[in-house]
Amino acid sequence: MLSELDKKARDILAKNDRGGFTIPTARLYPFQWNWDSAFIALGIATMDNQRAWQELEMLVEGQADDGMIPSIIFRNDDDDYFPGHKVWQTKNGAINGTGISQPPVLASVVAQLAKAHGQEGLKRAKALFPAMMKWHRWWHECRTPEGADVVCTVHPWETGRDNCPDWKIGLRNMQTDPNLEPYQRKDIEHANPEERPSQEEYDKYISIVKFGREIGWDQTLLTNKGPFLMADPGIFFILLRADRDLLSLAQELGFEEEAQIIAQWIKGAEISANQFWNEEFGAFCAWDVRTGEFSHGFSNASALCFYADVGTAEQREKTLSHMERIASQTKFGQSSWDPDAPLFESQRYWCGPLWCQMNYMIAKGLKEQGEDVLAAKMRDDLKNVIELSGFYECFDPLSGAGCIGHDFSWTAALWLAWASPSLNQQTPA
Ligand code: DGY
(Lines give C-alpha, C1' and ligand atoms only; values in the text may rest on other atoms or scores of the structure.)
Protein backbone atom coordinates (compact mmCIF):
# COMPACT_ATOMS: atom_id res chain seq x y z
CA MET A 1 0.00 0.00 0.00
CA LEU A 2 1.19 3.50 -0.79
CA SER A 3 2.23 5.63 2.17
CA GLU A 4 1.49 9.37 2.36
CA LEU A 5 5.10 10.08 1.35
CA ASP A 6 4.82 7.71 -1.64
CA LYS A 7 1.76 9.65 -2.80
CA LYS A 8 3.48 12.98 -2.26
CA ALA A 9 6.51 11.78 -4.23
CA ARG A 10 4.27 10.73 -7.12
CA ASP A 11 2.52 14.12 -7.02
CA ILE A 12 5.86 15.94 -7.21
CA LEU A 13 6.91 14.00 -10.30
CA ALA A 14 3.53 14.67 -11.92
CA LYS A 15 3.72 18.37 -11.05
CA ASN A 16 7.25 18.73 -12.46
CA ASP A 17 6.40 16.86 -15.69
CA ARG A 18 6.67 19.18 -18.68
CA GLY A 19 5.34 16.80 -21.31
CA GLY A 20 7.70 13.83 -21.57
CA PHE A 21 10.53 15.25 -19.49
CA THR A 22 10.73 16.40 -15.89
CA ILE A 23 12.24 19.58 -14.48
CA PRO A 24 14.09 19.34 -11.14
CA THR A 25 11.85 21.95 -9.47
CA ALA A 26 9.75 24.90 -10.61
CA ARG A 27 11.34 28.36 -10.98
CA LEU A 28 14.81 27.55 -9.58
CA TYR A 29 15.58 24.95 -12.31
CA PRO A 30 12.92 25.25 -15.02
CA PHE A 31 14.51 23.06 -17.75
CA GLN A 32 15.58 19.44 -18.26
CA TRP A 33 18.82 18.69 -16.41
CA ASN A 34 21.03 15.85 -17.55
CA TRP A 35 21.83 13.67 -14.51
CA ASP A 36 18.60 14.70 -12.80
CA SER A 37 16.61 13.10 -15.63
CA ALA A 38 18.49 9.82 -15.35
CA PHE A 39 17.66 9.45 -11.64
CA ILE A 40 14.13 10.73 -12.24
CA ALA A 41 13.59 7.93 -14.78
CA LEU A 42 14.26 5.37 -12.03
CA GLY A 43 11.45 6.87 -9.96
CA ILE A 44 9.04 7.15 -12.87
CA ALA A 45 9.75 3.50 -13.72
CA THR A 46 8.04 2.52 -10.46
CA MET A 47 4.80 3.79 -12.02
CA ASP A 48 5.09 3.90 -15.80
CA ASN A 49 7.84 2.16 -17.81
CA GLN A 50 6.95 3.88 -21.05
CA ARG A 51 7.21 7.35 -19.52
CA ALA A 52 10.52 6.43 -17.83
CA TRP A 53 12.08 5.58 -21.21
CA GLN A 54 10.63 8.74 -22.70
CA GLU A 55 12.44 10.79 -20.04
CA LEU A 56 15.76 9.35 -21.24
CA GLU A 57 14.89 9.59 -24.92
CA MET A 58 14.05 13.27 -24.56
CA LEU A 59 17.34 13.83 -22.77
CA VAL A 60 19.23 12.26 -25.67
CA GLU A 61 17.34 14.49 -28.13
CA GLY A 62 19.41 17.30 -26.67
CA GLN A 63 22.70 15.70 -27.73
CA ALA A 64 25.07 18.09 -29.48
CA ASP A 65 26.59 17.23 -32.88
CA ASP A 66 29.96 16.44 -31.29
CA GLY A 67 28.36 13.85 -28.98
CA MET A 68 28.17 15.86 -25.78
CA ILE A 69 24.90 15.64 -23.89
CA PRO A 70 24.63 19.09 -22.29
CA SER A 71 24.08 19.69 -18.61
CA ILE A 72 20.82 21.52 -19.39
CA ILE A 73 18.46 21.13 -22.36
CA PHE A 74 16.74 24.44 -23.12
CA ARG A 75 13.53 23.66 -25.00
CA ASN A 76 12.15 27.07 -24.15
CA ASP A 77 13.26 30.43 -22.75
CA ASP A 78 12.55 31.11 -19.12
CA ASP A 79 13.68 34.30 -17.42
CA ASP A 80 13.42 32.59 -14.04
CA TYR A 81 16.84 31.03 -14.68
CA PHE A 82 20.27 32.51 -15.20
CA PRO A 83 22.31 31.75 -17.30
CA GLY A 84 19.84 30.68 -19.99
CA HIS A 85 20.67 29.93 -23.61
CA LYS A 86 21.03 33.64 -24.45
CA VAL A 87 24.18 33.54 -22.35
CA TRP A 88 25.54 30.15 -23.47
CA GLN A 89 24.86 30.78 -27.17
CA THR A 90 25.72 27.25 -28.28
CA LYS A 91 24.77 26.31 -31.84
CA ASN A 92 25.69 22.66 -32.09
CA GLY A 93 22.53 20.60 -31.76
CA ALA A 94 18.91 20.28 -32.81
CA ILE A 95 17.84 21.62 -29.41
CA ASN A 96 19.65 24.35 -27.50
CA GLY A 97 21.78 23.29 -24.57
CA THR A 98 24.63 24.50 -22.39
CA GLY A 99 28.25 24.18 -23.56
CA ILE A 100 29.25 21.72 -20.83
CA SER A 101 28.07 18.28 -19.75
CA GLN A 102 27.22 16.59 -16.44
CA PRO A 103 28.14 13.30 -14.70
CA PRO A 104 27.27 10.50 -17.18
CA VAL A 105 24.90 8.27 -15.22
CA LEU A 106 22.67 7.66 -18.24
CA ALA A 107 24.16 4.32 -19.41
CA SER A 108 23.96 2.90 -15.87
CA VAL A 109 20.29 3.81 -15.62
CA VAL A 110 19.57 2.46 -19.11
CA ALA A 111 21.30 -0.83 -18.23
CA GLN A 112 19.27 -1.08 -15.03
CA LEU A 113 15.94 -0.39 -16.72
CA ALA A 114 16.78 -2.67 -19.66
CA LYS A 115 17.37 -5.50 -17.23
CA ALA A 116 14.05 -4.88 -15.51
CA HIS A 117 11.88 -4.37 -18.60
CA GLY A 118 12.42 -7.54 -20.66
CA GLN A 119 12.28 -7.41 -24.48
CA GLU A 120 10.81 -3.91 -24.56
CA GLY A 121 13.64 -2.70 -22.31
CA LEU A 122 16.27 -4.20 -24.60
CA LYS A 123 14.61 -2.61 -27.62
CA ARG A 124 14.60 0.85 -26.02
CA ALA A 125 18.20 0.40 -24.81
CA LYS A 126 19.31 -0.62 -28.31
CA ALA A 127 17.82 2.52 -29.78
CA LEU A 128 19.66 4.65 -27.21
CA PHE A 129 22.97 2.81 -27.52
CA PRO A 130 24.55 4.83 -30.41
CA ALA A 131 23.90 8.12 -28.63
CA MET A 132 25.37 6.81 -25.36
CA MET A 133 28.41 5.48 -27.20
CA LYS A 134 28.92 8.85 -28.87
CA TRP A 135 28.63 10.64 -25.56
CA HIS A 136 31.13 8.38 -23.79
CA ARG A 137 33.52 8.79 -26.72
CA TRP A 138 33.14 12.55 -26.32
CA TRP A 139 34.20 12.28 -22.65
CA HIS A 140 37.21 10.13 -23.47
CA GLU A 141 38.35 12.22 -26.44
CA CYS A 142 37.26 15.80 -25.76
CA ARG A 143 37.67 15.90 -21.98
CA THR A 144 41.02 14.15 -21.80
CA PRO A 145 43.59 16.94 -22.01
CA GLU A 146 46.68 16.66 -24.20
CA GLY A 147 49.44 14.86 -22.33
CA ALA A 148 47.06 13.41 -19.72
CA ASP A 149 45.28 10.10 -19.48
CA VAL A 150 42.33 10.92 -17.26
CA VAL A 151 39.00 12.46 -18.08
CA CYS A 152 38.83 15.97 -16.60
CA THR A 153 36.38 18.81 -16.25
CA VAL A 154 36.38 22.43 -17.41
CA HIS A 155 33.67 23.85 -15.15
CA PRO A 156 32.46 23.19 -11.58
CA TRP A 157 28.90 23.04 -12.98
CA GLU A 158 29.96 20.11 -15.17
CA THR A 159 30.78 18.06 -12.07
CA GLY A 160 27.27 18.58 -10.69
CA ARG A 161 29.00 19.39 -7.37
CA ASP A 162 28.99 23.09 -8.18
CA ASN A 163 30.53 24.86 -5.20
CA CYS A 164 32.25 21.96 -3.46
CA PRO A 165 35.44 23.25 -1.82
CA ASP A 166 37.29 20.81 -4.12
CA TRP A 167 36.99 23.43 -6.88
CA LYS A 168 38.52 26.27 -4.85
CA ILE A 169 41.94 25.24 -6.16
CA GLY A 170 41.04 25.56 -9.83
CA LEU A 171 38.99 28.71 -9.27
CA ARG A 172 41.81 30.35 -7.33
CA ASN A 173 44.17 29.64 -10.24
CA MET A 174 41.97 31.47 -12.76
CA GLN A 175 41.06 35.13 -13.23
CA THR A 176 37.57 36.54 -13.32
CA ASP A 177 37.19 37.98 -16.83
CA PRO A 178 37.69 41.76 -16.42
CA ASN A 179 35.17 42.39 -19.23
CA LEU A 180 32.36 40.34 -17.76
CA GLU A 181 29.02 41.93 -18.72
CA PRO A 182 26.85 42.85 -15.69
CA TYR A 183 24.33 40.10 -14.94
CA GLN A 184 21.57 39.34 -12.50
CA ARG A 185 21.55 36.06 -10.62
CA LYS A 186 18.15 34.42 -10.37
CA ASP A 187 19.05 31.55 -8.04
CA ILE A 188 19.24 33.86 -5.04
CA GLU A 189 15.77 35.22 -5.78
CA HIS A 190 14.34 31.70 -5.47
CA ALA A 191 16.56 30.29 -2.70
CA ASN A 192 18.33 31.50 0.42
CA PRO A 193 21.65 33.11 -0.71
CA GLU A 194 23.31 31.61 2.38
CA GLU A 195 22.71 28.16 0.87
CA ARG A 196 23.95 29.02 -2.62
CA PRO A 197 27.42 29.63 -4.16
CA SER A 198 29.09 32.98 -3.46
CA GLN A 199 29.15 35.94 -5.88
CA GLU A 200 32.88 35.46 -6.40
CA GLU A 201 32.25 31.86 -7.47
CA TYR A 202 29.46 32.94 -9.83
CA ASP A 203 31.72 35.53 -11.48
CA LYS A 204 34.22 32.76 -12.21
CA TYR A 205 31.51 30.36 -13.42
CA ILE A 206 30.29 33.02 -15.86
CA SER A 207 33.85 33.88 -16.91
CA ILE A 208 34.33 30.25 -18.03
CA VAL A 209 31.05 30.42 -19.97
CA LYS A 210 32.25 33.64 -21.65
CA PHE A 211 35.50 31.92 -22.63
CA GLY A 212 33.59 28.96 -24.11
CA ARG A 213 31.29 31.27 -26.02
CA GLU A 214 34.22 33.24 -27.43
CA ILE A 215 35.89 30.10 -28.79
CA GLY A 216 32.61 28.91 -30.33
CA TRP A 217 32.40 26.03 -27.84
CA ASP A 218 35.30 24.18 -29.41
CA GLN A 219 35.39 21.48 -26.72
CA THR A 220 38.97 20.33 -27.30
CA LEU A 221 40.20 23.89 -27.06
CA LEU A 222 38.09 24.48 -23.97
CA THR A 223 39.68 21.45 -22.29
CA ASN A 224 43.24 22.32 -23.25
CA LYS A 225 43.22 26.10 -23.02
CA GLY A 226 40.22 26.93 -20.86
CA PRO A 227 40.53 28.84 -17.59
CA PHE A 228 39.70 25.84 -15.36
CA LEU A 229 40.92 22.24 -15.58
CA MET A 230 40.48 19.83 -12.72
CA ALA A 231 40.15 16.07 -12.39
CA ASP A 232 37.00 15.10 -10.51
CA PRO A 233 36.68 11.73 -8.77
CA GLY A 234 32.90 12.08 -9.22
CA ILE A 235 32.96 12.27 -13.01
CA PHE A 236 35.80 9.77 -13.23
CA PHE A 237 34.14 7.09 -11.07
CA ILE A 238 30.68 7.64 -12.56
CA LEU A 239 32.05 7.39 -16.11
CA LEU A 240 34.03 4.26 -15.30
CA ARG A 241 30.91 2.67 -13.84
CA ALA A 242 28.85 3.81 -16.84
CA ASP A 243 31.49 2.39 -19.21
CA ARG A 244 31.17 -0.96 -17.43
CA ASP A 245 27.37 -0.82 -17.82
CA LEU A 246 27.68 0.28 -21.45
CA LEU A 247 29.98 -2.68 -22.08
CA SER A 248 27.40 -5.11 -20.69
CA LEU A 249 24.79 -3.54 -22.94
CA ALA A 250 27.10 -3.71 -25.97
CA GLN A 251 27.72 -7.41 -25.34
CA GLU A 252 24.07 -8.19 -24.81
CA LEU A 253 22.88 -6.15 -27.80
CA GLY A 254 25.55 -7.34 -30.21
CA PHE A 255 27.60 -4.14 -30.64
CA GLU A 256 30.87 -6.03 -30.98
CA GLU A 257 33.21 -3.35 -32.32
CA GLU A 258 31.93 -0.89 -29.75
CA ALA A 259 32.45 -3.47 -27.00
CA GLN A 260 36.15 -3.64 -27.85
CA ILE A 261 36.52 0.14 -27.70
CA ILE A 262 34.68 0.36 -24.37
CA ALA A 263 36.84 -2.42 -22.92
CA GLN A 264 39.92 -0.32 -23.77
CA TRP A 265 38.45 2.75 -22.03
CA ILE A 266 37.81 0.64 -18.93
CA LYS A 267 41.30 -0.81 -18.95
CA GLY A 268 42.82 2.68 -19.24
CA ALA A 269 40.67 4.07 -16.44
CA GLU A 270 41.49 1.17 -14.10
CA ILE A 271 45.16 2.01 -14.52
CA SER A 272 44.80 5.77 -14.16
CA ALA A 273 42.39 5.65 -11.18
CA ASN A 274 45.35 5.75 -8.85
CA GLN A 275 46.09 9.30 -10.00
CA PHE A 276 43.16 10.36 -7.83
CA TRP A 277 44.69 8.85 -4.70
CA ASN A 278 45.92 11.57 -2.38
CA GLU A 279 48.47 9.57 -0.38
CA GLU A 280 49.03 12.29 2.21
CA PHE A 281 45.31 12.56 2.98
CA GLY A 282 44.49 8.90 2.37
CA ALA A 283 41.52 9.23 0.01
CA PHE A 284 40.52 9.64 -3.62
CA CYS A 285 40.42 13.41 -4.13
CA ALA A 286 40.04 16.04 -6.84
CA TRP A 287 43.19 17.67 -8.21
CA ASP A 288 44.17 20.57 -10.40
CA VAL A 289 45.55 19.11 -13.60
CA ARG A 290 47.86 22.02 -14.40
CA THR A 291 49.52 22.32 -11.00
CA GLY A 292 49.02 18.80 -9.65
CA GLU A 293 47.65 20.25 -6.39
CA PHE A 294 45.34 17.89 -4.53
CA SER A 295 42.22 18.82 -2.62
CA HIS A 296 42.45 17.82 1.06
CA GLY A 297 39.03 16.76 2.20
CA PHE A 298 36.71 13.80 1.89
CA SER A 299 33.75 14.52 -0.40
CA ASN A 300 30.86 12.22 -1.19
CA ALA A 301 32.52 11.72 -4.62
CA SER A 302 35.53 10.21 -2.80
CA ALA A 303 33.17 7.47 -1.61
CA LEU A 304 32.23 6.48 -5.17
CA CYS A 305 35.33 4.28 -5.60
CA PHE A 306 33.16 1.27 -4.63
CA TYR A 307 30.60 2.18 -7.29
CA ALA A 308 33.42 2.23 -9.88
CA ASP A 309 34.96 -0.91 -8.37
CA VAL A 310 38.47 0.52 -8.02
CA GLY A 311 41.01 0.82 -5.23
CA THR A 312 43.31 -1.57 -3.42
CA ALA A 313 42.21 -3.23 -0.19
CA GLU A 314 44.17 -0.59 1.73
CA GLN A 315 42.63 2.30 -0.22
CA ARG A 316 39.15 0.91 0.42
CA GLU A 317 39.89 0.49 4.14
CA LYS A 318 41.04 4.08 4.38
CA THR A 319 37.98 5.26 2.48
CA LEU A 320 35.72 3.38 4.89
CA SER A 321 37.48 4.87 7.88
CA HIS A 322 36.86 8.41 6.54
CA MET A 323 33.20 7.51 6.15
CA GLU A 324 33.07 6.23 9.72
CA ARG A 325 34.81 9.38 10.99
CA ILE A 326 32.26 11.55 9.19
CA ALA A 327 29.31 9.40 10.30
CA SER A 328 30.38 9.87 13.91
CA GLN A 329 29.88 13.63 13.50
CA THR A 330 26.75 13.81 11.37
CA LYS A 331 23.23 12.72 12.17
CA PHE A 332 22.50 11.97 8.52
CA GLY A 333 25.31 10.89 6.16
CA GLN A 334 26.97 11.08 3.70
CA SER A 335 27.82 14.77 3.81
CA SER A 336 29.01 16.28 0.53
CA TRP A 337 32.06 17.79 2.19
CA ASP A 338 34.26 16.83 5.07
CA PRO A 339 33.13 18.33 8.42
CA ASP A 340 36.78 18.36 9.57
CA ALA A 341 38.03 20.27 6.50
CA PRO A 342 38.02 24.05 6.05
CA LEU A 343 34.95 25.55 4.34
CA PHE A 344 32.46 22.96 5.62
CA GLU A 345 29.01 24.57 5.83
CA SER A 346 26.17 22.24 6.66
CA GLN A 347 23.52 24.08 4.61
CA ARG A 348 25.45 25.52 1.68
CA TYR A 349 24.78 23.41 -1.43
CA TRP A 350 27.88 21.19 -2.00
CA CYS A 351 29.86 22.43 1.02
CA GLY A 352 28.19 19.95 3.40
CA PRO A 353 24.60 18.90 2.63
CA LEU A 354 23.57 15.30 1.98
CA TRP A 355 22.43 14.58 -1.59
CA CYS A 356 20.07 11.70 -2.37
CA GLN A 357 21.59 10.67 -5.72
CA MET A 358 25.06 10.50 -4.22
CA ASN A 359 23.82 8.32 -1.34
CA TYR A 360 22.12 6.09 -3.90
CA MET A 361 25.29 5.53 -5.95
CA ILE A 362 27.52 5.18 -2.89
CA ALA A 363 25.19 2.58 -1.36
CA LYS A 364 24.93 0.66 -4.60
CA GLY A 365 28.71 0.42 -4.78
CA LEU A 366 29.08 -0.51 -1.12
CA LYS A 367 26.45 -3.20 -1.42
CA GLU A 368 28.13 -4.69 -4.48
CA GLN A 369 31.42 -4.80 -2.59
CA GLY A 370 29.91 -6.57 0.41
CA GLU A 371 29.65 -3.53 2.72
CA ASP A 372 26.00 -4.21 3.49
CA VAL A 373 25.81 -2.44 6.84
CA LEU A 374 27.12 0.87 5.56
CA ALA A 375 25.02 0.55 2.40
CA ALA A 376 21.91 0.12 4.54
CA LYS A 377 22.89 3.16 6.60
CA MET A 378 23.08 5.33 3.44
CA ARG A 379 19.54 4.34 2.57
CA ASP A 380 18.20 4.67 6.12
CA ASP A 381 19.73 8.10 6.49
CA LEU A 382 18.00 9.25 3.30
CA LYS A 383 14.69 7.71 4.39
CA ASN A 384 14.93 9.33 7.83
CA VAL A 385 15.83 12.75 6.52
CA ILE A 386 12.96 12.71 3.98
CA GLU A 387 10.55 11.58 6.70
CA LEU A 388 11.76 14.47 8.84
CA SER A 389 11.84 17.27 6.28
CA GLY A 390 10.21 16.25 3.00
CA PHE A 391 11.43 16.25 -0.58
CA TYR A 392 14.18 18.87 -0.62
CA GLU A 393 17.04 19.30 -3.05
CA CYS A 394 19.54 18.42 -0.32
CA PHE A 395 19.67 18.23 3.48
CA ASP A 396 21.69 19.56 6.38
CA PRO A 397 23.60 16.44 7.57
CA LEU A 398 23.71 17.78 11.15
CA SER A 399 20.06 18.75 11.72
CA GLY A 400 18.27 17.13 8.79
CA ALA A 401 16.77 20.47 7.68
CA GLY A 402 15.83 20.59 4.00
CA CYS A 403 17.93 22.99 1.90
CA ILE A 404 17.42 25.06 -1.28
CA GLY A 405 14.85 23.63 -3.76
CA HIS A 406 11.69 21.94 -2.46
CA ASP A 407 9.31 19.50 -4.16
CA PHE A 408 12.45 18.21 -5.81
CA SER A 409 12.15 15.61 -8.54
CA TRP A 410 15.20 13.41 -7.96
CA THR A 411 14.52 13.23 -4.23
CA ALA A 412 10.95 12.13 -4.97
CA ALA A 413 12.20 9.68 -7.61
CA LEU A 414 14.80 8.04 -5.40
CA TRP A 415 12.30 7.82 -2.59
CA LEU A 416 10.03 5.79 -4.87
CA ALA A 417 12.80 3.70 -6.43
CA TRP A 418 14.91 3.12 -3.35
CA ALA A 419 14.28 4.71 0.05
CA SER A 420 10.54 4.24 0.55
CA PRO A 421 10.05 1.36 3.03
CA SER A 422 6.57 0.54 1.72
CA LEU A 423 7.70 0.27 -1.91
CA ASN A 424 11.11 -1.32 -1.42
CA GLN A 425 10.60 -3.89 1.34
CA GLN A 426 12.10 -6.64 -0.78
CA THR A 427 14.92 -4.59 -2.25
CA PRO A 428 18.26 -4.89 -0.49
CA ALA A 429 19.94 -1.54 0.19
C1 DGY B 1 22.69 25.75 -10.96
O2 DGY B 1 22.20 26.63 -11.67
O3 DGY B 1 22.90 25.89 -9.75
C4 DGY B 1 22.98 24.45 -11.56
O5 DGY B 1 23.49 23.56 -10.62
C6 DGY B 1 23.91 24.55 -12.73
O7 DGY B 1 23.82 23.33 -13.42
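Residues: numbered from 1 along the sequence shown. Remember, it's 1-based here, ligands and their atoms both numbered in the order they're listed.
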Pair His190 and Tyr29, ring centroids less than 6.0 Å apart: no

Qualifying residue, where the test is side-chain contact (heavy atoms from CB on, under 4.5 Å) with Gln32 and the options are Leu59, Ile95, Ile23: Leu59

Would Arg185 count as a cation-pi partner of Phe82, with NZ or CZ less than 6.0 Å from the six-membered ring centre and within 45° of the ring normal? no

Only heavy atoms of Asp162, strictly under 4.0 Å: list the atoms of ligand 1 that pass. 1 (C), 3 (O), 4 (C), 5 (O), 6 (C)

What atoms of ligand 1 come within less than 4.0 Å of a heavy atom belonging to Arg196? 1 (C), 2 (O), 3 (O)

For ligand 1, which atoms, with element, lie under 4.0 Å from some heavy atom of Tyr81? 1 (C), 2 (O), 4 (C), 6 (C)

Indicate the ring-plane relationship of Phe391 and Trp415, choosing parallel, tilted or perpendicular according to the 30° and 60° boundaries. perpendicular

Aromatic Phe31 / basic Arg75 pairing, under 6.0 angstrom, 45° off normal: no

Out of all atoms in ligand 1, which are within 4.0 Å of some heavy atom of Tyr349? Include the element for each. 1 (C), 3 (O), 4 (C), 5 (O)

The option among Phe31, Trp33, Trp157, Tyr202 carrying the non-hydrogen atom nearest to atom 7 (O) of ligand 1 is Trp33

